[in-house]
Amino acid sequence: MALFSSSTRQVPPAAVVPRHVAVIMDGNGRWAKKRFLPRVAGHVKGVELVREMVRACLERGIQYLTLFAFSSENWRRPQDEVSLLMQLFVKALEQEVDKLDRNGVRLRIIGDLSRFEPRLQELIRQAEARTAGNTRLDLTIAANYGGRWDIMQATNQMLATQPEKRDGWQESDLEPHLSMSFAPEPDLFIRTGGEERISNFLLWQLAYTELYFTPILWPDFDTAEFDKAITSFQQRERRFGRTSEQLVEKPNA
């Protein structure tokens with residue numbers, strides 16, 4: 001069974017600091033273009049920002065950070081850019097896992113990993129195994145991931161293990177098979193770069209997530225900007241279908 005219940009069935013506990021933050025790190029290419037640099041320079045800078053966000057989450061007591069690194073639609077980009085992104089992914093795994101492990105960060109990679117080269121797949125397995133016992137922060141990287149793919153693969157897994165569900169099933173039957181079954185639904189979703197859409201990211205999980213869009217390009221999204229997003233979250237009234245009056249009477253009911 002899933003470790004956390006759905007927000008459509010049970011109201012999550014109220015929190016001043018979001019427990020789970022999900023981010024679409026948009027704007028790397030445009031950041032580089034503004035500086036007359038190749039697009040890959042923006043992606044390199046973007047990786048540096050990931051380190052800063054991990055550190056910020058550890059300092060602020062955020063328990064889960066999920067980053068959309070490469071969507072299933074990103075294969076449509078120019079082949080040379082895709083190749084450079086894959087190389088950057090390998091390099092990041094080779095260089096960053098020791099630091100994550102020392103800081104108590106558990107790394108997980110979600111998505112259809114079968115399309116990646118064997119070397120990259122092996123590095124992912126090693127990184128996940130190396131950090132499996134860490135509990136300070138769950139860092140999840142979505143790579144070759146799509147929200148629709150996630151729901152379809154979960155449905156296929158459910159029916160393969162429980163064929164009787166073909167006659168009818170509930171949310172709780174599907175949830176254990178979703179890629180993010182190990183984490184609570186995101187409290188706060190951030191998208192940098194000025195676009196205001198979720199782009200096939202965590203479609204199931206974002207049902208009641210607070211959305212925050214900013215024009216700041218990802219390489220410029222520092223801790224001060226992160227704190228602005230958290231402040232915005234803290235000003236939201238999270239009703240989950242209830243009225244404002246009910247929040248005053250029984251905030252966690």
Problem - Separation of F68 CZ from I190 CD1 (nearest 0.5 Å) - result: 15.5 Å
Exercise for the section: May I ask you to decide whether R197 forms a salt bridge with E195, counting only side-chain N to carboxylate O separations under 4.0 Å? Expected result: yes
Practice task
Would you please name every residue forming a ring-ring contact (aromatic ring centres under 6.0 Å, His included) with W169, sequence neighbours left out?
Solution key: none
Handout entry: Residue E225 excluded, over 12 heavy atoms near CD under 6.0 Å
Key = yes
Practice task
Anything under 30° is parallel, anything over 60° is perpendicular, the rest tilted; go ahead and classify Y64 against H20.
Solution key: tilted
Exercise for the section: For the residue pair L58 and N103, establish whether any side-chain heavy-atom pair is separated by less than 4.5 Å. Expected result: yes
Practice task
Please check if any side-chain donor atom of D220 sits under 3.5 Å from a side-chain acceptor atom of W31, or the reverse.
Solution key: yes
Problem - Between R191 and S199, a side-chain donor and acceptor under 3.5 Å - result: yes
Practice task
Could you tell me whether the side chain of D187 and the main chain of R19 form a donor-acceptor pair under 3.5 Å?
Solution key: yes
Handout entry: Donor-acceptor contact below 3.5 Å, side chain N134 vs main chain V105
Key = yes
Completion exercise
Taking every heavy atom of A127 against every heavy atom of T131, the minimum-distance pair comes out as O-OG1, 2.9 Å
Practice task
Would you check, one step at a time, whether the test salt bridge (Lys or Arg N to Asp or Glu O under 4.0 Å) holds for D101 with R106?
Solution key: CA-CA 7 Å; D101 192 36; R106 180 170 186 170; over 6 Å; no
Fill in the blank from the handout: N156 meets the side-chain contact (heavy atoms from CB on, under 4.5 Å) criterion, sequence neighbours left out, with none
Problem - D98 bridged to R130 by N-O distance under 4.0 Å - result: yes
Exercise for the section: Answer yes when R125 and E122 have at least one side-chain N-carboxylate O distance shorter than 4.0 Å, and no when they do not. Expected result: yes
Exercise for the section: Would you check if the side chain of Q234 reaches a backbone N or O of V17 as a donor-acceptor pair within less than 3.5 Å? Expected result: no
Practice task
If a pair satisfies salt bridge (Lys or Arg N to Asp or Glu O under 4.0 Å) and one of its residues is in residues 83-92, list it, with sequence neighbours excluded.
Solution key: none
Problem - Donor-acceptor side-chain pairing of D150 and Y145 below 3.5 angstrom - result: yes
Handout entry: Donor-acceptor contact below 3.5 Å, side chain W218 vs main chain N28
Key = no
Problem - Under 3.5 Å side-chain donor-acceptor pair for T192 and D26 - result: no
Practice task
Say whether N144 and W75, considering side chains only, have a donor N or O and an acceptor N or O under 3.5 Å apart.
Solution key: yes
Handout entry: Atom CZ of R148: over 12 foreign heavy atoms under 6.0 Å
Key = no
Problem - E81 and H43 side chains, donor-acceptor separation under 3.5 Å - result: yes
Problem - Donor-acceptor contact below 3.5 Å, side chain S232 vs main chain K228 - result: no
Problem - Salt-bridge contact R51-E96 (side-chain N to carboxylate O under 4.0 Å) - result: yes
Handout entry: Atom CD of Q170: over 12 foreign heavy atoms under 6.0 Å
Key = no
